[in-house]
Amino acid sequence: MRIEEDLKLGFKDVLFRPKRSTLKSRSQVNLTRQFTFKHSGTQWQGVPVIAANMDTVGSFAMARALAGFEMLTAVHKHYSLEQWQQFVAHSDESVLRHVMVSTGTSEGDFAKTREILALSPALRFICIDVANGYAEPFVAFVRKMREACPNHVIVAGNVVTGEMVEELILEGADIVKVGIGPGSVCTTRVKTGVGYPQLSAIIECADAAHGLGGQIIGDGGCTCPGDVAKAFGGGADFVMLGGMLAAHEECGGELVEVEGAPFMKFYGMSSSSAMDKHAGGVAGYRASEGKTVLLPYRGPVENTVRDILGGVRSTCTYVGAAQLKELTKRTTFIRVREQENNVYGKE
C-alpha cells in the first residue's frame, strides 16, 4: 500500500485566470476543430462536444439534433441492428459523420458492431465502452477491433491515468475516454472507493495521449458550461456530456408527471434501472453503481446546446483564445475555495 499525497483537483476547485484579449466579441471565437487520427488516418472536423452513450441521452434523435451543430453523439449500444438499418436509411451522411457506434466487449457486440458499420461508409467512429478500462481483456478487445477495422476511428475507455492511456493508444485506440466516477448519476466512487478527480485526470491523461499523437475525451463531471470550458482548458480534445443533455425532447427517456409538471427519468448505465431494462436485473455478483433520478423536462435540446457553446465562447474571450484549440495554451487555473455567490440559490 502507498499513498500519493499531491493534490488532485476537480472542476469545482479552480477558476480560469483572465488574460488580455484582442477579441471584440464572442462571435469571433471558432469552436470548430480538425483532427487527423493516429491509427485510422481519418480526418474529422466539427465541434468536439459529444452526447454520452447512455440510453437516456445518446439516441438517434439526439444525433440528428446535434449534427446540426457539428457535434457528435455516441449512440447507445442497445439499439437493434434493424433499428440501425432504419436510422441509416433515413439519415443523410452529414448526420452519420457525427455518430459514434457504441459497443461492449462480448463476441456478440463485436459481430453486431461490424454489421452496423457495414451499413454506411459514413459511420467512421467506434466507441468501445466499459466501466473499467484497466482490464486486460478490454485491451485485447481494442487490439482485436483495430485489426478488424483499420480505417475506423476507435474510442476506448474509461481510464484516468497516463500509463493506461498510453497502453490503449499503443494497442490501437485513436481516442481514449477519461473519467471514473465523476458522472452525475454514477455511484462508482461510493460503492467501490475507486476514482480520480476529473480535472486532474484530464490533465494527466491529455499529456500522455498527446505525447503519442492520440486524443482524449473528458467524460463526466460537467455540471455547467464553465466546467466544459475547464475540461477543454485542462487539455481535453473532446468533452462528453450526459446529465447536461438529459431530459430533453430528443433523449427518448420516460416522461412522468409529478404534481402536474413533466419530468423525465435519467439513470446511470450501471444502475439497477439500466440493468433491469437491458440485462434482466442486477447480477448476484455485483452491485448497482448508478442512480435513477427524475429531472424537469427541458424541451428541445437546441437552447441548452446554444447555452453550452456560448459559455465556452465566452471563456475563450476572457483568456484571449480566438480558436478552441488555443484554449489550453491560454489557460492558467487558480485554485479557489468558492465558485459562485449562492445567496439567491444556485444557477
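Because only heavy atoms are used, hydrogens play no part in the values below, and waters and symmetry mates are left out as well, while side chains stay in. In this chain, numbering begins with 1 at the start of the sequence shown.
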Inset, instruction - Under the salt bridge (charged side-chain N to carboxylate O under 4.0 Å, His left out) rule, what do Arg330 and Glu326 come out as? Steps first, then yes or no, please. - result: CA-CA 6 Å; Arg330 300 284 298 169; Glu326 298 172 2; over 6 Å; no

Inset, instruction - Apply side chain to side chain contact (heavy atoms under 4.5 Å, CB included) to Phe266 and Cys251, showing your working. - result: CA-CA 9 Å; Phe266 176 53; Cys251 292; over 6 Å; no

Inset, instruction - List the steps and the verdict of side chain to side chain contact (heavy atoms under 4.5 Å, CB included) for His76 and Asp129. - result: CA-CA 10 Å; His76 68 76; Asp129 183 66; over 6 Å; no

Inset, instruction - Go through the steps to decide whether Val159 and Glu167 satisfy the test side chain to side chain contact (heavy atoms under 4.5 Å, CB included), and finish with yes or no. - result: CA-CA 11 Å; Val159 300; Glu167 181 168 356; over 6 Å; no

Inset, instruction - For Asp237 and Arg33, run side chain to side chain contact (heavy atoms under 4.5 Å, CB included): C-alpha distance rounded to whole Å, both residues' side-chain angles, the deciding distance at 0.1 Å, then the answer. - result: CA-CA 9 Å; Asp237 303 285; Arg33 290 203 60 184; 3.8 Å; yes

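Asn30 places no side-chain N or O within 3.5 Å of a backbone atom of Gln323 that could act as its donor or acceptor partner. For His248 (side chain) and Glu250 (main-chain N/O), no donor-acceptor pair under 3.5 Å exists by modelled atom type. Judged purely by atom type and a 3.5 angstrom limit, Thr187 has no side-chain atom pairing as donor or acceptor with the backbone of Val190. Put simply, the side chain of Arg313 never gets that close to the backbone of Ser27: no donor and acceptor are under 3.5 Å apart. Looking only at distances, no side-chain donor or acceptor of Asp227 sits under 3.5 Å from a matching main-chain atom of Lys230. Side-chain atoms of Arg306 never come within 3.5 Å of backbone atoms of Leu309 as a donor-acceptor pair (strictly under, hydrogens ignored). Panel note: side chain His152, backbone Leu123; a donor-acceptor pair is recorded below 3.5 Å. Of the possible donor and acceptor atoms, one in the side chain of Ser200 sits under 3.5 Å from a partner among the backbone N and O of Leu9. Here the side chain of Gln198 pairs a donor or acceptor atom with the backbone of Val178 at under 3.5 angstrom. Formation of a donor-acceptor pair under 3.5 Å by the Arg143 side chain with backbone atoms of Leu170 is not found in this model.
Considering every non-hydrogen atom in both Val239 and Cys222, the closest pair reads CG1-SG, 3.9 Å. Shown here for Leu327 and Ala229, the closest heavy-atom pair between the two residues is CD2-O, 3.7 Å. Considering every non-hydrogen atom in both Met62 and Leu245, the closest pair reads CE-O, 3.6 Å. Between Ala206 and Gly235, the closest heavy-atom pair is CB-O, 3.4 Å. Contact between Val142 and Gly172 at its shortest, heavy atoms only, is CG1-C, 4.2 Å. Between Ile128 and Gly104 the shortest heavy-atom distance is CG2-O, 4.4 Å.
Around the CD atom of Glu338, the shell of radius 6.0 Å holds no more than 12 heavy atoms that belong to other residues, nucleotides or ligands. More than 12 heavy atoms of other residues, nucleotides or ligands shown are found within 6.0 angstrom of NZ on Lys8. For Tyr318, the OH atom is loosely surrounded, since the number of other residues' heavy atoms within 6.0 Å does not exceed 12.
Using a 4.5 Å heavy-atom threshold, the side chains of Glu249 and Tyr297 count as touching. Side-chain contact check for Lys77 versus Asn53: every heavy-atom pair is 4.5 Å or farther apart. Taking 4.5 Å as the limit, every side-chain heavy atom of Phe138 sits out of range of all side-chain heavy atoms of Asn132. You'll find the side chain of Met244 reaches within 4.5 Å of the side chain of Pro225, heavy atoms only. Put simply, the side chain of Cys149 reaches to within 4.5 Å of the side chain of Leu117, judged on heavy atoms. Side-chain atoms of Leu295 and Met264, non-hydrogen and from C-beta on, never get closer than 4.5 Å to each other. Between Thr36 and Gln43 there is a side-chain heavy-atom pair separated by less than 4.5 Å. Residues Ile116 and Gln83 form no side-chain contact, since every pair of their non-hydrogen atoms from C-beta on lies 4.5 Å or further apart.
With no hydrogens or angles considered, no side-chain donor-acceptor pair links Arg26 and Thr317 at under 3.5 Å. There is no side-chain donor-acceptor pair under 3.5 Å between Thr56 and Lys265.
Under the 6.0 Å cut-off for aromatic ring centres, Phe333 and Phe16 qualify, their centroids lying closer than that.
Tracing side-chain contacts under 4.5 Å through hydrophobic residues (I, L, V, M, F, W, Y), one reaches Val47 starting from Val228; they form part of the same cluster. Leu199 is not connected to Phe238 by any chain of hydrophobic side-chain contacts under 4.5 Å among Ile, Leu, Val, Met, Phe, Trp and Tyr, and they are in different clusters. Leu255 and Val57 are not part of a single hydrophobic cluster, where members link through side-chain heavy atoms under 4.5 Å apart. Both Ile50 and Val155 belong to a single network of hydrophobic side chains, linked directly or stepwise wherever heavy atoms of I, L, V, M, F, W or Y lie under 4.5 Å apart. In the hydrophobic cluster analysis, where Ile, Leu, Val, Met, Phe, Trp and Tyr join through side-chain heavy atoms closer than 4.5 angstrom, Ile203 is grouped apart from Ile217.
The distance from atom CG of Leu72 to atom CE of Met100, rounded to the nearest 0.5 Å, is 5.0 Å. Atoms CG and CD1, on Asn303 and Ile308 in that order, are 11.0 Å from each other to the nearest 0.5 Å. In this structure, OG1 on Thr223 lies 9.0 Å from CZ on Phe11, to the nearest 0.5 angstrom. To the nearest 0.5 Å, atoms CE (Met240) and SG (Cys127) are separated by 5.0 Å. Rounded to the nearest 0.5 angstrom, Leu96 CG and Leu119 CG are separated by 9.5 Å. The distance from atom CG of Leu212 to atom CD1 of Ile169, rounded to the nearest 0.5 Å, is 5.5 Å.
A perpendicular orientation is assigned to the rings of Phe141 and Phe110, their planes being inclined by more than 60° (bins at 30° and 60°). Ring-plane geometry between Trp44 and Phe35 is classed as parallel, the angle between the planes falling under 30 degrees on a 0 to 90 degree scale with a further cut at 60.
Between Ile175 and the choices Ile216, Val153, Ile154, the side chain to side chain contact (heavy atoms under 4.5 Å, CB included) rule is met once, by Val153. Between Glu107 and the options Lys112, Lys144, Arg114, a salt bridge (charged side-chain N to carboxylate O under 4.0 Å, His left out) holds for only Lys144.
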